[in-house]
Number of protein chains: 2
Amino acid sequence: MDTDDGLRIDAPHRELLDQILDKWSLSVLNELCERPCRFNELRRSIPRVTQKSLTATLRRLERNGVIEREVLATRPVAVRYRITPLGKTLRHPVDVLLAWAAQHMPAVERAREGFDTREEEAVL
Amino acid sequence: MDTDDGLRIDAPHRELLDQILDKWSLSVLNELCERPCRFNELRRSIPRVTQKSLTATLRRLERNGVIEREVLATRPVAVRYRITPLGKTLRHPVDVLLAWAAQHMPAVERAREGFDTREEEAVL
DNA sequence: CGGAATCCCTAGGGATACTG
DNA sequence: CAGTATCCCTAGGGATTCCG
């Protein structure tokens with residue numbers, strides 16, 4: 001559990017995590033873990049995301065194999081995004097992360113206040 | 001474990017994770033989990049990080065309470081960074097994440113190749 | 001040694017308009 | 001509906017220089 005060295009962080013790993021843990025990906029994955037979604041459905045359910053950013057996020061996640069894009073031959077076209085089996089394996093790591101954030105947010109906020117106070121004093 | 005809804009991702013949580021899971025933070029945390037480090041020690045042990053980026057990363061982590069900065073009154077000054085108790089609680093989530101990356105990297109690479117191949121064909 | 005300050009530069013985000 | 005295309009603009013990274 002707490003081995004001495006733990007795991008190395010090499011460039012490919014960090015690049016992968018950067019692509020999957022970026023600003024909007026967590027929200028998208030969370031949403032698609034619950035149910036498949038249309039593009040505008042996702043857009044509405046994720047506050048403040050722009051169409052451009054959402055498109056880029058979806059492409060990146062699709063390229064990395066964690067979500068799937070399915071075009072339905074209707075008029076007008078409908079597109080359905082869904083999580084893949086690989087994407088589902090991300091659920092646990094992400095949940096662990098979110099649980100950490102939820103649990104320790106108060107401690108972080110206290111730390112921030114202390115830090116900012118010390119900064120102010122340093123200026124005086 | 002796999003509750004239906006899992007956890008929400010609100011703005012404060014995402015902001016916190018952004019600050020802690022960014023490009024260089026994982027490497028810094030990993031290093032400081034093993035032992036306290038001087039500034040240039042960290043710099044040498046993290047390939048390709050610049051002094052500016054490292055400074056910014058350390059300040060951010062310090063502000064969020066996961067690392068500590070200690071100035072030793074020597075000549076010339078020495079500065080020692082160490083992980084805090086709060087920072088140590090990050091170890092498990094981060095390890096889970098790195099384990100995921102290590103385990104699924106091959107699948108991700110296959111997905112990328114498939115995606116890129118389909119893209120090429122689409123152009124033709 | 002451990003930064004801060006400066007300059008430069010580009011990847012990426014927001015807004016808007018257009019399309020199959 | 002689900003994007004693509006375009007313009008604009010600024011936050012942030014790299015390189016370099018200077019300081020206590």
Side-chain angles (χ1 to χ4, degrees), chain A residues 11 14-28 31-32 35-64 67-82 115 118-120 122-123, chain B residues 11 14-28 31-32 35-64 67-82 115 118-120 122-123:
Chain A
R14 224 203 26 228
E15 186 215 353
L16 173 54
L17 294 179
D18 280 350
Q19 300 221 340
I20 286 174
L21 300 175
D22 76 290
K23 191 172 184 187
W24 302 112
S25 292
L26 287 188
S27 300
V28 169
E31 211 63 35
L32 293 184
R35 64 186 186 290
C37 278
R38 306 271 301 272
F39 182 85
N40 282 329
E41 233 177 320
L42 276 173
R43 190 175 177 176
R44 278 188 296 272
S45 68
I46 302 175
R48 308 174 52 81
V49 70
T50 64
Q51 172 270 322
K52 185 178 178 180
S53 301
L54 182 55
T55 301
T57 299
L58 290 169
R59 285 291 174 281
R60 198 173 337 104
L61 293 178
E62 185 193 0
R63 178 167 185 269
N64 285 285
I67 69 171
E68 255 174 10
R69 181 172 182 271
E70 176 187 10
V71 181
L72 310 175
T74 57
R75 288 280 316 190
V77 271
V79 178
R80 181 185 298 139
Y81 292 93
R82 62 173 73 246
F115 183 91
R118 287 193 299 276
E119 290 293 282
E120 284 177 26
V123 173
Chain B
R14 223 201 30 225
E15 186 213 354
L16 173 54
L17 294 178
D18 280 350
Q19 301 219 339
I20 285 174
L21 300 176
D22 76 291
K23 191 172 184 186
W24 302 112
S25 293
L26 286 188
S27 300
V28 169
E31 211 62 36
L32 293 184
R35 66 186 183 291
C37 278
R38 306 271 301 273
F39 182 86
N40 281 329
E41 234 178 321
L42 276 173
R43 188 174 178 178
R44 279 187 297 272
S45 68
I46 301 176
R48 309 174 52 83
V49 71
T50 65
Q51 172 266 318
K52 186 178 176 179
S53 301
L54 182 55
T55 301
T57 299
L58 290 169
R59 286 290 175 282
R60 200 173 335 106
L61 293 178
E62 186 194 0
R63 178 168 187 268
N64 286 285
I67 69 172
E68 254 173 12
R69 180 173 183 269
E70 176 187 10
V71 180
L72 308 176
T74 58
R75 288 280 314 189
V77 272
V79 178
R80 182 186 298 139
Y81 292 93
R82 62 172 73 246
F115 183 90
R118 288 192 299 276
E119 289 295 280
E120 284 176 26
V123 174

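Just so it is clear, the values below take in all heavy atoms, side chains as well, and ignore hydrogens, waters and symmetry mates. Every chain is numbered from 1, with letters handed out A, B, ... down the list of sequences.
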Would you kindly give the [atom1]-to-[atom2] distance between [X] and [N], to the nearest whole Å?
X	N	atom1	atom2	answer
Lys52(B)	dC7(C)	NZ	P	12 Å
Asp22(B)	dA11(D)	CG	P	18 Å
Arg59(B)	dG2(C)	CZ	P	12 Å
Leu54(A)	dG13(C)	CG	P	12 Å
Asn40(B)	dG3(C)	CG	C1'	9 Å
Glu119(B)	dT4(D)	CD	P	10 Å
Gln51(A)	dA2(D)	CD	P	11 Å
Leu72(B)	dG20(D)	CG	C1'	16 Å

Heavy atoms under 4.0 Å, any strand shown: does [X] hit a base, just sugar-phosphate, or nothing?
X	result
Arg43(B)	nothing
Val77(A)	base
Arg69(A)	sugar-phosphate
Arg75(B)	nothing

It should be established whether [X] places a side-chain nitrogen or oxygen under 4.0 Å from OP1 or OP2 of nucleotide [N].
X	N	result
Tyr81(B)	dC1(C)	no
Arg38(B)	dC1(C)	no
Thr50(A)	dG14(C)	yes

Exercise. Between dG14(C), dC1(D), dA15(D), which nucleotide has the shortest distance from any of its atoms to the side chain of Ser53(A)?
Worked result: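 Of the candidates, dG14(C) comes closest.
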Exercise. Between Arg60(A) and Pro76(B), which has a closest nucleotide on DNA chain C that is more 5'?
Worked result: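 It is Pro76(B), whose closest nucleotide lies nearer the 5' terminus.
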Exercise. Got Leu61(A) and Leu32(A) here, is their nearest side-chain heavy-atom distance under 4.5 Å?
Worked result: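 Answer no - side chains too far apart.
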Exercise. Side chains of Leu58(A) and Ile67(A): closer than 4.5 Å at any heavy-atom pair?
Worked result: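 The answer is yes; the side chains approach within 4.5 Å.
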For this session: Determine yes or no for a side-chain-to-main-chain donor-acceptor pair under 3.5 angstrom, with Thr57(B) supplying the side chain and Ser53(B) the backbone.
Result: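 Yes.
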Problem set entry | Check: Thr55(A) side chain, Gln51(A) main-chain N or O, donor-acceptor pair, under 3.5 Å |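 Looks like yes, one N/O pair under 3.5 Å.
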For this session: Begin with the C-alpha distance, continue with both residues' side-chain angles, and end with the deciding distance and a verdict on side-chain contact (heavy atoms from CB on, under 4.5 Å) for Glu119(A) and Arg59(B).
Result: CA-CA 11 Å; Glu119(A) 290 293 282; Arg59(B) 286 290 175 282; 6.0 Å; no
For this session: Return the 5'-most residue of the pair Leu58(A), Trp24(B) with respect to DNA chain D, ranking by each residue's nearest nucleotide.
Result: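 Counting from the 5' end, the first nearest nucleotide belongs to Leu58(A).
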